[in-house]
Amino acid sequence: MKVVLPDSSELELPDGASGLDAARAIGPKLARDSVLARVNGHVQDLRLPLSGGERIELVTIRDKDDPDALYVLRHSTAHLLAEAVLRLHPGTKIAIGPPIADGFYYDFEFPEPISEEDLSAIEAEMRREIEEGRTWSREEVPREDALERFRAESQPYKVELASEAEPPISLYTQGDFTDLCRGPHLQDTSPIKALRLTGLAGAYWRGDERNTQLTRIYGTAFYSQADLDAHLQRLEQARAKDHRRLGPQLDLFHFDEHSPGAALWHPKGVALFNALEDLRRRENAKRGYLEVRTPLMWDIELWKRSGHWEKYHDALFLIPHGEHTFGLKPMNCPGHMLLFASKLRSYRELPIRYAESASLHRDEPTGTLHGLLRVRQMHQDDSHVFCTEEQIQDEIDGMFEFVGFLYDRLGVRELAHAELSTRPESKLGTDEQWDYTEGVLGTALERQGIPYRVKEGDGAFYGPKIDLFMDDAMGRPWQMGTIQLDGQQPARLGCKYTGADNREHMPWVIHRALFGSLERFIGILVEHYAGDFPFWLAPVQARVLPVGEGHRGPADSLRYRLAAAGYRADVDDRDETLGKRIRDAELEKIPFVLVYGDRESDDALAVRERGGGQSTRSLSELLDSFDALAAEAGSA
RNA sequence: GCCGGAGUAGCUCAGCUGGUAGAGCAAGCGCCUUGUAAGCGCUAGGCCGUGGGUUCGAGUCCCGCCUCCGGCUCCA
């Protein structure tokens with residue numbers, strides 16, 4: 001048979017030859033260095049037979065940045081981990097051990113609990129295995145053989161997996177350790193040049209909290225020590241962008257243990273917050289949104305009527321009050337429904353777009369709080385659009401235009417990806433309604449070309465939704481904006497309008513938040529810019545530094561004239577050297593520093609830009625450039 | 001909520017096997033009178049997260065709780 005190589009040449013091989021045989025036919029070095037075969041674009045274990053006509057590519061240890069090459073390396077390292085764990089902790093039950101984005105993990109049920117201190121011994125054992133050398137062999141067996149084997153070894157999780165796996169069932173063995181595994185795997189341990197166990201965590205079997213909690217060990221591996229070092233350095237750099245570190249450091253906000261999950265916003269943080277709020281308010285107004293305010297606290301009877309109580313009452317902060325119980329609102333929708341329903345509406349009024357950014361409270365589980373990214377008190381740029389069925393598509397399209405506008409202004413478009421969630425098991429409404437609404441959202445996403453995946457059954461109980469996500473500095477995804485269609489809640493809360501046919505109709509409601517939680521959005525912005533905000537967002541846009549004591553008066557006057565022109569400016573007149581104050585301004589990432597001494601006047605200001613560029617400009621020139629910078633960011 | 005880890009001065013951290021708590025930066029005061037990324041000196045500052053226990057004696061050992069960190073689950 002013949003197979004096709006990447007350079008389009010053909011290679012003649014005996015029938016049934018494997019990827020490894022192909023490598024051998026080309027050269028001994030290639031055979032030694034190959035880690036997997038890519039056959040017609042799909043990864044395949046080197047040991048598996050090829051078929052005539054296939055396009056094959058051999059991935060080697062030199063392809064050290066190839067994701068597939070890293071996957072196979074880490075997958076094999078995970079097997080070494082399991083071998084080491086079984087040797088050091090006999091009686092451990094092994095579950096699954098896949099490669100993941102930056103490494104691998106393996107889930108175990110240990111006979112005795114282990115702690116992080118045990119990891120170094122396990123890691124040393126893995127190193128010993130590599131030093132000794134291990135070769136992987138692959139075999140395919142009937143299901144019954146696999147079941148028997150894992151029963152004999154008292155490995156219940158493997159028995160469960162083997163009983164569900166698609167035949168042929170493949171087993172990989174290195175040393176005296178055999179694992180049920182689809183592969184592919186390395187030929188032997190020699191390419192594993194650097195490894196590290198990075199962490200320990202609880203993880204539920206099959207991701208279901210009703211199941212046993214297993215112990216997950218995380219690790220990573222590379223083809224060279226330098227690559228591991230570079231990886232660890234990248235992590236260090238990402239940690240330096242952590243908003244939980246930068247926030248207090250830049251004097252934006254902090255948290256106090258007496259109100260977990262609720263930020264204390266400092267003046268500079270509020271400046272940032274308000275810059276976003278101003279943008280939101282201005283752009284909402286341009287698009288016909290009407291700002292409203294509804295109560296913070298409601299009798300829980302309202303949540304029972306809206307349908308939220310049944311599913312979400314655990315997350316409500318409750319306040320007993322006489323015969324009644326009130327709850328802090330976790331969302332604005334019922335209030336907006338009541339506002340709409342407060343009088344008879346005509347189809348001529350639609351669409352009505354209510355917007356509100358009130359404080360919302362949700363009693364999130366303790367273990368889930370995470371700086372500004374997961375809080376208990378937050379503010380959404382929330383809105384509810386009441387419209388007819390014919391208006392839905394236009395409204396949705398308008399929202400996506402709005403999202404694109406905001407992302408471009410804030411420079412975060414490339415961070416965004418989306419999910420479309422369809423009908424859940426427990427839901428309100430008929431299948432026909434769900435067919436329609438899911439279709440509308442899917443169409444809108446495709447028109448916008450936003451990358452997305454479908455999550456079957458993950459919709460809200462009242463309608464399908466689109467969730468917009470962004471990744472933090474560590475690469476963890478967070479849900480930001482959301483757009484949800486709702487044909488149920490308006491009915492429950494008595495929303496209706498009179499149509500052109502003079503009959504009563506139910507409006508559709510589109511729930512939407514584009515930033516999502518302002519808190520979370522600011523957290524992402526801080527990490528994205530590492531605190532180096534664009535001029536229009538910077539909490540302090542300009543700082544005036546009087547050279548000597550005698551320059552305090554003119555420096556103050558300059559600062560107030562900048563403020564009068566609408567810019568956030570302050571003065572640093574501490575008794576410190578100029579060099580020290582410039583250094584501090586740089587560390588605070590202030591875009592403009594104005595040194596003011598004997599040589600300066602309104603006609604000649606000494607301007608230093610963030611990072612060090614210096615120039616001399618008149619005050620009016622400076623204000624012109626401020627105006628230009630602000631306008632560029634959509635702030636005008 | 002679950003698993004593992006951590007909590008010492010405003011911040012970053014040191015404090016070995018139990019014996020009366022330390023540094024740098026920041027702060028206050030003084031000197032210097034400053035020209036584009038750290039001037040010098042002095043001073044002050046700590047229910048060692050919190051409640052209990054063991055001990056002659058606990059920052060240090062044990063238990064509960066709180067908060068935070070890494071994950072898991074959840075997230076209208």
Side-chain angles (χ1 to χ4, degrees), chain A residues 105 107 110 113-119 198-218 239 242 244-245 248-249 254-261 303 306-316 329-334 360 362-371 374-376 378 380 382 421 424 458-463 465 467 474 476 478-479 482 484 486 489 511 513 517 520 545-551 574-587 593-600 606-614:
Chain A
Y105 67 80
D107 286 346
F110 285 92
I114 69 159
S115 74
E116 274 174 15
E117 289 161 22
D118 299 301
L119 292 185
T198 53
L200 195 61
Y204 302 103
W205 169 238
R206 309 212 131 166
D208 188 331
E209 69 176 332
R210 288 167 301 193
N211 292 338
T212 321
Q213 188 166 46
L214 306 170
T215 302
R216 176 170 297 178
I217 297 178
Y218 285 93
R239 261 190 284 276
D242 192 323
R244 292 166 301 182
R245 183 196 294 229
Q249 207 169 300
H254 80 277
F255 286 89
D256 184 273
E257 64 175 309
H258 295 97
S259 189
W303 311 108
S306 72
H308 291 95
W309 178 260
E310 197 188 340
K311 207 166 166 186
Y312 297 107
H313 65 273
D314 280 348
L316 284 177
K329 68 176 168 187
M331 51 174 16
N332 295 304
C333 22
L360 304 177
R362 297 176 184 182
D363 190 2
E364 304 286 3
T366 49
T368 64
L369 298 179
H370 188 103
R374 183 81 179 260
V375 291
R376 290 198 175 132
M378 60 163 176
Q380 280 187 334
D382 202 5
S421 297
D458 218 41
F461 64 92
Y462 50 67
K465 60 173 180 172
D467 289 321
M474 296 296 292
R476 295 171 287 218
W478 297 90
Q479 191 214 302
T482 182
Q484 310 185 9
D486 184 357
Q489 215 181 313
H511 306 244
S517 145
R520 180 173 287 179
L545 303 183
V547 171
E549 232 169 295
H551 307 112
R574 287 177 304 160
D575 185 18
E576 297 284 355
T577 58
L578 189 62
K580 167 71 168 162
R581 286 178 288 158
I582 284 171
R583 175 181 153 81
D584 287 345
E586 287 286 352
L587 291 177
V593 169
L594 308 171
V595 173
Y596 205 101
D598 288 336
R599 303 177 207 155
E600 281 70 36
V607 180
R608 180 193 167 101
E609 291 182 53
R610 183 164 41 186
Q614 289 177 47

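Bear in mind the structure is a predicted one, so any value in this text is a computation, not a measurement. In what follows, chains are A, B, ... by sequence order, proteins preceding strands, each numbered from 1.
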Determine which nucleotide pairs with [N], using a 3.5 Å limit on both distances of a Watson-Crick or G-U wobble pair.
N     : answer
B:U12 : B:A23
B:A38 : none
B:G7  : B:C66
B:U54 : none
B:U60 : none
B:A44 : none

Students often get this wrong, so: under 4.0 angstrom with heavy atoms, is [X] touching a base, only sugar-phosphate, or nothing?
X      : answer
A:Q249 : nothing
A:D575 : base
A:K311 : nothing
A:Y218 : sugar-phosphate
A:R210 : nothing
A:D208 : nothing
A:A585 : nothing
A:E117 : nothing
A:A203 : sugar-phosphate
A:T215 : nothing
A:G207 : sugar-phosphate
A:E586 : base
A:R599 : base
A:P260 : sugar-phosphate

task = Please step through side-chain hydrogen bond (donor to acceptor under 3.5 Å, both in side chains) for the pair A:D598 and A:H551, ending with a clear verdict.
result = CA-CA 8 Å; A:D598 288 336; A:H551 307 112; 2.8 Å; yes

message = Pick the closest RNA chain B nucleotide for A:D363 and for A:L214 by heavy atoms, then say which residue is nearer the 5' end.
response = A:L214

5' precedence on RNA chain B between A:G367 and A:C333 (nearest-nucleotide basis) = A:G367

[atom1] spacing across the pair [N] / [M], given as an integer number of angstrom:
N     : M     : atom1 : value
B:C66 : B:G30 : C1'   : 43 Å
B:U12 : B:C72 : P     : 26 Å
B:G7  : B:G49 : P     : 8 Å
B:G18 : B:A26 : P     : 37 Å
B:C63 : B:C11 : C1'   : 32 Å
B:A58 : B:U20 : C1'   : 12 Å
B:C40 : B:U50 : P     : 36 Å
B:A27 : B:G59 : P     : 31 Å

Do any side-chain nitrogens or oxygens of [X] fall under 4.0 Å of OP1 or OP2 in [N]?
X      : N     : result
A:R476 : B:G70 : yes
A:Q380 : B:A76 : no
A:R206 : B:U73 : no
A:K580 : B:A26 : yes
A:T368 : B:C75 : no
A:R608 : B:A37 : yes
A:R244 : B:G70 : yes

Rounded to whole angstrom units, what separation is found between the [atom1] atom of [X] and the [atom2] atom of [N]?
X      : N     : atom1 : atom2 : result
A:H370 : B:U73 : NE2   : C1'   : 16 Å
A:I114 : B:C3  : CD1   : C1'   : 11 Å
A:L369 : B:G70 : CG    : C1'   : 15 Å
A:Q484 : B:C75 : CD    : P     : 12 Å
A:D118 : B:C3  : CG    : P     : 17 Å
A:F110 : B:G4  : CZ    : C1'   : 12 Å

inquiry  = Once you measure the plane-to-plane angle for A:H370 and A:W478, does it fall in the parallel (<30°), tilted (30-60°) or perpendicular (>60°) bin?
reply    =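 Answer is tilted, since the angle falls between 30° and 60°.
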
key: Distance (rounded to the nearest 0.5 Å) between A:R245 CZ and A:R239 CZ   = 8.0 Å

message = Set out, in order, the CA-CA distance, both residues' side-chain angles and the distance that settles salt bridge (charged side-chain N to carboxylate O under 4.0 Å, His left out) for A:R583 and A:E576, then state yes or no.
response = CA-CA 11 Å; A:R583 175 181 153 81; A:E576 297 284 355; over 6 Å; no

query = Is it true that a side-chain atom of A:R520 and a backbone atom of A:Q479 form a donor plus acceptor pair closer than 3.5 Å?
reply = yes

ask   = Take atom CZ in A:R574; do more than 12 heavy atoms of anything else shown fall under 6.0 Å from it?
value =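 Correct, the count exceeds 12.
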
message = Is there a salt bridge (charged side-chain N to carboxylate O under 4.0 Å, His left out) between A:R244 and A:D242? Walk through the geometry before answering.
response = CA-CA 5 Å; A:R244 292 166 301 182; A:D242 192 323; 2.6 Å; yes

request  = Test for a donor-acceptor pair under 3.5 Å between the base of B:G1 and the side chain of A:E364, counting only N and O atoms.
outcome  =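 No, the side chain and the base share no sub-3.5 Å donor-acceptor pair.
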
